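Since we're looking at a predicted model, the values are computed, not measured.
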Amino acid sequence: MRRLVFALLLVALCAGLAAQKSPIVNGLNEARFIWRAAEDSLNTYFEDSFSFSLAYNYFTFGLKFNAGLPRYSTDQNQLLDELRPDALSWDWEDLYASYARDVWLIHAGKMEETFGSGMIFRSYENVELDEDYRVTGFKFGYDRGLRLKALYSGFSGGGGGDKLDLAYGMDAEYPVLKPLTLGATAFSAQSYVGTKYLQDNVLGGRAKLRKGSFEGGVEYASRDKVDNPDNGSAVYADASLSLSLLQFGTAYKYYDNFNYYNNFQDLPLANHHSETLSDGQASGSDEQGFQIWTIFNLPRDLTLNLDYAEAWDSSKKMRMNDFYAGLDWMKGKLNGTLSFSYLEKLDESDTELLDGNKNRWQKEYYPGFVVSFPAWGYQPTLTGEFKAVAKESVKQSEQNGVSYDLLYESSHYEPKLQLDVALGKLSLALGAQAWWEDFSSLGDGTYWPNLEAKYPILGGTDLVVFVGREAGGKVCRNGVCRYMAPFSGLRVDLNTRF
């Protein structure tokens with residue numbers, strides 16, 4: 001497929017060059033050097049990516065070159081103990097060409113795309129987690145009242161090695177009435193699992209209503225697992241209403257066996273902190289829940305934000321609740337936020353977590369603040385939070401050759417503070433994070449100080465230097481939780497735009 005796509009891109013590029021006389025070229029080069037202070041892993045990493053796009057009126061062509069010598073992974077399970085030849089990589093990637101004129105769009109190559117809310121299909125790149133779920137293929141679009149999309153694509157990042165996962169389908173949306181829009185999706189995915197392809201066929205429909213200050217929507221999808229009777233379904237609905245001094249809204253989710261074999265979806269999680277029901281499984285397999293939120297515009301330039309959510313599985317062995325309260329104040333150059341976050345999860349199943357334990361109960365709560373204020377001609381921003389974590393876990397132990405489950409409780413504190421300030425062209429971020437078992441062990445705690453500086457050394461070129469330590473830890477995005485690797489050392493980034 002890659003050779004075919006590349007040939008079509010060259011043909012389209014030549015046609016575009018012949019048709020236009022005023023090209024627009026944009027490019028970006030990102031080079032990164034990393035020195036990691038660790039005795040049990042490789043210390044030095046280097047990576048570079050160069051991308052550019054060439055636009056000729058209705059035609060756009062782009063590509064990207066990536067090199068990792070070797071590439072540094074933020075996933076702690078993928079860090080290298082020593083340099084290996086197979087860890088070195090360089091290749092031209094992200095090739096694409098598109099033609100967009102009036103209501104028509106034709107795209108070939110690497111792409112991001114979403115059908116509806118993303119519940120049925122979403123192809124995306126998560127830069128923060130270093131994950132790339134973009135597909136490569138062909139897309140057709142039409143937009144004049146009726147919005148129509150159709151694509152056929154492949155994905156090389158699945159579990160099939162050199163075998164491609166396939167994703168293809170159509171999505172249509174039409175404003176039936178002035179306030180009402182209806183949509184429908186037909187999508188299929190073929191995922192190589194084990195020694196064969198497994199196919200999902202998904203049909204979905206959605207409705208969106210916008211009338212004055214009211215906005216609401218509902219989306220339903222059914223999943224047919226070919227050669228497997230264990231089919232699935234999903235429902236997501238939300239609504240909001242805006243009044244003069246008050247906004248409030250609600251959301252509801254229901255997912256039953258609706259997590260794909262690959263990552264061609266982005267399920268709405270319906271909670272403020274984008275948390276999964278359990279750290280031991282991806283969203284979509286078995287869960288339902290609700291969310292309610294409100295925003296009050298108070299006197300004296302104050303705004304109050306409240307958000308509460310609950311979720312559970314069908315057996316009620318896994319439950320969670322999520323709460324957020326924030327008070328915003330903005331007046332001139334002085335503005336700030338006081339907040340309180342609370343998260344609690346109960347897991348009485350036998351699901352094993354990412355750290356190897358079986359969590360029964362966990363709770364996190366943390367007050368936080370953000371304040372930006374004028375000082376000596378500058379506008380620094382101070383951010384802080386004080387997180388308290390308590391857990392009750394089951395961990396396997398062994399004594400006299402006999403394995404058994406050991407129940408233990410633990411708690412600790414994670415304070416964090418950061419100061420950001422721009423001194424002319426120089427931007428500085430000074431941060432510190434700590435881990436305390438209790439207040440009597442402050443001297444024995446673990447600390448992560450760090451400093452990042454950014455400076456434009458040339459026109460269009462920024463130099464970013466980070467030195468210090470980062471704690472790493474759990475990060476949840478797009479319905480999946482993973483543990484990021486802690487870091488101690490030096491990072492140097494040189495980013496050039498043209």
Side-chain angles (χ1 to χ4, degrees), residues 29-49 66-90 126-132 353-357 382-387 389 410 412-421 423 426-438 441-457 461-477 481-496:
N29 188 84
E30 299 173 295
R32 166 172 284 190
F33 170 80
I34 294 178
W35 181 81
R36 185 171 183 263
E39 298 180 358
D40 57 346
S41 69
L42 187 66
N43 299 108
T44 305
Y45 300 80
F46 176 78
E47 55 193 71
D48 182 82
S49 66
N66 291 320
L69 307 172
R71 193 165 179 266
Y72 180 79
S73 175
T74 56
D75 187 344
Q76 61 185 11
N77 295 319
Q78 297 181 10
L79 293 176
L80 300 174
D81 296 329
E82 58 185 17
L83 184 62
R84 304 190 308 268
D86 61 347
L88 306 179
S89 62
W90 53 88
N126 190 322
V127 178
E128 183 178 355
L129 293 185
D130 193 22
E131 295 176 336
D132 190 354
L353 301 184
L354 299 176
D355 58 5
N357 296 333
L382 186 64
T383 306
E385 68 177 36
F386 192 90
K387 178 184 289 187
V389 180
S410 63
H412 66 271
Y413 302 97
E414 300 177 15
K416 184 187 300 184
L417 193 65
Q418 180 170 314
L419 176 65
D420 296 86
V421 62
L423 307 175
L426 177 64
S427 299
L428 296 175
L430 178 64
Q433 186 174 350
W435 191 98
W436 303 332
E437 185 173 354
D438 52 49
S441 61
L442 301 186
D444 299 326
T446 305
Y447 295 88
W448 294 271
N450 54 71
L451 173 65
E452 182 176 278
K454 178 181 178 181
Y455 189 81
I457 57 176
T461 299
D462 294 331
L463 175 66
V464 183
V465 179
F466 173 93
V467 60
R469 306 179 65 197
E470 291 177 320
K474 186 186 75 173
V475 177
C476 296
R477 294 290 186 275
C481 292
R482 60 184 290 191
Y483 282 85
M484 308 292 287
F487 178 79
S488 177
L490 171 71
R491 284 197 304 261
V492 180
D493 294 270
L494 191 64
N495 303 323
T496 302

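- Summarising the geometry, atom CZ belonging to R36 is positioned 6.0 Å from atom OH belonging to Y45; distances are rounded to the nearest 0.5 Å.
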Side-chain donor-acceptor pairs under 3.5 Å in residues 429-438, sequence neighbours left out?
residue, atom, partner, partner atom, Å
W435, NE1, H412, NE2, 3.2
W436, NE1, Y447, OH, 3.1
D438, OD1, S440, N, 3.0
D438, OD1, S440, OG, 2.5
D438, OD1, S441, N, 3.1
D438, OD1, S441, OG, 3.3

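- Atoms CG and OG, on N66 and S89 in that order, are 8.0 Å from each other to the nearest 0.5 Å.
- Remark: V421 engages Y378, P380, L423, L428 in a side-chain contact (heavy atoms from CB on, under 4.5 Å) (not counting sequence neighbours).
- For the side-chain contact (heavy atoms from CB on, under 4.5 Å) test, residues two or more places apart in sequence or in another chain that qualify with K387 are E364, Y366, E385, V389, E414.
- For R491, the salt bridge (charged side-chain N to carboxylate O under 4.0 Å, His left out) test picks out E470, with sequence neighbours left out.
- Scanning both residues, K454 and D462, for their nearest heavy atoms gives CE-OD2, 3.6 Å.
- Here the CH2 atom belonging to W90 is positioned 7.0 Å from the CG atom belonging to L69, to the nearest 0.5 angstrom.
- For the residue pair A471 and P486, the shortest heavy atom distance occurs at O-CB, 3.4 Å.
- Take D493 and apply the salt bridge (charged side-chain N to carboxylate O under 4.0 Å, His left out) test, not counting sequence neighbours, and it matches R32.
- A donor-acceptor pair under 3.5 Å is formed between the side chain of N450 and the backbone N or O of R469.
- One finds the CG atom of D48 at 4.5 Å from the CG atom of N29 (value rounded to the nearest 0.5 Å).
- Closest approach of L417 and G384 over heavy atoms only: CD1-CA, 4.1 Å.
- Residues P70 and L88 approach most closely at N-CD2, 3.8 Å, considering heavy atoms.
- Residues satisfying the side chain to side chain donor-acceptor pair (under 3.5 Å) criterion with E452, sequence neighbours excluded, are absent altogether.
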